[in-house]
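A quick write-up on the structure given underneath.
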Amino acid sequence: MVSARRFFALALFLLPSFVHAQWTAELGRDATTVIRYDGSRVMSFNYIAWGPAWKYADFKPTLGKDENGAWPIKGEIKTLNTTVGGTIRYENGSVIYEWKLSTAKSSTGNIGGA
């Protein structure tokens, strides 16, 4: 039979793993964003874009450090004259990936991104 003292000590040892469950975001070598919960991969995604004639438009994002549960992301798509910014965060049971796109100058014939 487990004594109350041992049970309490075990509960104090295990409790932080449930209370401090962490959401994290990281970038893989291929610029894929990986979202983890307590170290387990929950989802991954990347942003791709095409310029004129369906030519691949390279996008290599950088991911900033966690700022109160939000990770800033930024990058540039040079062939589309576009800068990309935004955040990844966990809020009210959802992972939210918010994009902010801006263009330095107009360009024509671009297909878009997904």
Side-chain angles (χ1 to χ4, degrees):
M1 181 173 206
V2 178
S3 71
R5 179 178 283 168
R6 284 188 182 164
F7 177 77
F8 184 69
L10 181 61
L12 285 178
F13 176 75
L14 292 176
L15 186 61
S17 65
F18 296 104
V19 173
H20 298 301
Q22 295 291 318
W23 286 96
T24 60
E26 62 191 56
L27 286 177
R29 283 181 279 180
D30 62 352
T32 298
T33 304
V34 178
I35 306 297
R36 296 183 186 276
Y37 180 75
D38 243 5
S40 296
R41 185 181 197 148
V42 176
M43 64 186 284
S44 62
F45 52 90
N46 60 359
Y47 184 82
I48 55 176
W50 300 271
W54 287 96
K55 184 176 179 186
Y56 178 71
D58 195 29
F59 173 59
K60 299 264 191 235
T62 59
L63 188 65
K65 296 188 184 281
D66 177 9
E67 298 174 2
N68 298 320
W71 294 266
I73 191 165
K74 63 182 178 178
E76 185 176 16
I77 307 171
K78 289 183 181 180
T79 56
L80 302 181
N81 300 315
T82 301
T83 57
V84 180
T87 56
I88 303 168
R89 67 184 187 281
Y90 177 77
E91 185 177 294
N92 298 324
S94 299
V95 174
I96 300 168
Y97 199 127
E98 183 177 40
W99 288 104
K100 296 175 185 167
L101 304 172
S102 62
T103 57
K105 60 182 178 180
S106 63
S107 56
T108 59
N110 297 320
I111 305 301

Output, in order, the C-alpha distance, side-chain angles, deciding distance and verdict of side chain to side chain donor-acceptor pair (under 3.5 Å) for Thr103 and Thr82. CA-CA 4 Å; Thr103 57; Thr82 301; 5.8 Å; no
Is there a side-chain contact (heavy atoms from CB on, under 4.5 Å) between Asp58 and Ile77 once you walk through the steps? CA-CA 6 Å; Asp58 195 29; Ile77 307 171; over 6 Å; no
Joint cluster assignment, Ile96 & Ile35, ILVMFWY side-chain distance < 4.5 Å: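 Different hydrophobic clusters.
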Spell out, yes or no, whether Tyr37 and Tyr90 are grouped together once hydrophobic residues are joined by side-chain heavy atoms under 4.5 Å, including indirect joins.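 Looking at the clustering, Tyr90 is in the same group as Tyr37.
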Restricting to ring pair (Phe, Tyr, Trp, His ring centres under 6.0 Å), what partner residues turn up for Tyr56, sequence neighbours left out?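 Once residues adjacent in sequence are excluded, Tyr56 has no partner under the ring pair (Phe, Tyr, Trp, His ring centres under 6.0 Å) criterion.
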Mind checking ring pair (Phe, Tyr, Trp, His ring centres under 6.0 Å) for Tyr97 and listing every partner two or more places apart, or none if nothing turns up?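 By the ring pair (Phe, Tyr, Trp, His ring centres under 6.0 Å) rule, Tyr97 matches Phe45, Trp99.
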Applying salt bridge (charged side-chain N to carboxylate O under 4.0 Å, His left out) to Arg89 and Glu98, what does each step give before you reach the verdict? CA-CA 8 Å; Arg89 67 184 187 281; Glu98 183 177 40; 3.7 Å; yes
Quick one: salt bridge (charged side-chain N to carboxylate O under 4.0 Å, His left out) partners of Glu67, sequence neighbours excluded?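 Residues passing salt bridge (charged side-chain N to carboxylate O under 4.0 Å, His left out) with Glu67: none at all.
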Going through the distances and angles, do Met43 and Val95 end up as a side-chain contact (heavy atoms from CB on, under 4.5 Å)? CA-CA 10 Å; Met43 64 186 284; Val95 174; 4.2 Å; yes
Applying side-chain contact (heavy atoms from CB on, under 4.5 Å), run through Leu27 and Thr32 and close with a yes or a no. CA-CA 6 Å; Leu27 286 177; Thr32 298; over 6 Å; no
Roughly how far apart are Thr83 OG1 and Phe59 CZ, rounded to 0.5 Å?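 Output value for this atom pair is 9.5 Å.
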Please check: side-chain N/O of Asp38 versus main-chain N/O of Gln22, any donor-acceptor pairing under 3.5 Å?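 Side chain of Asp38 to backbone of Gln22: a pair is present.
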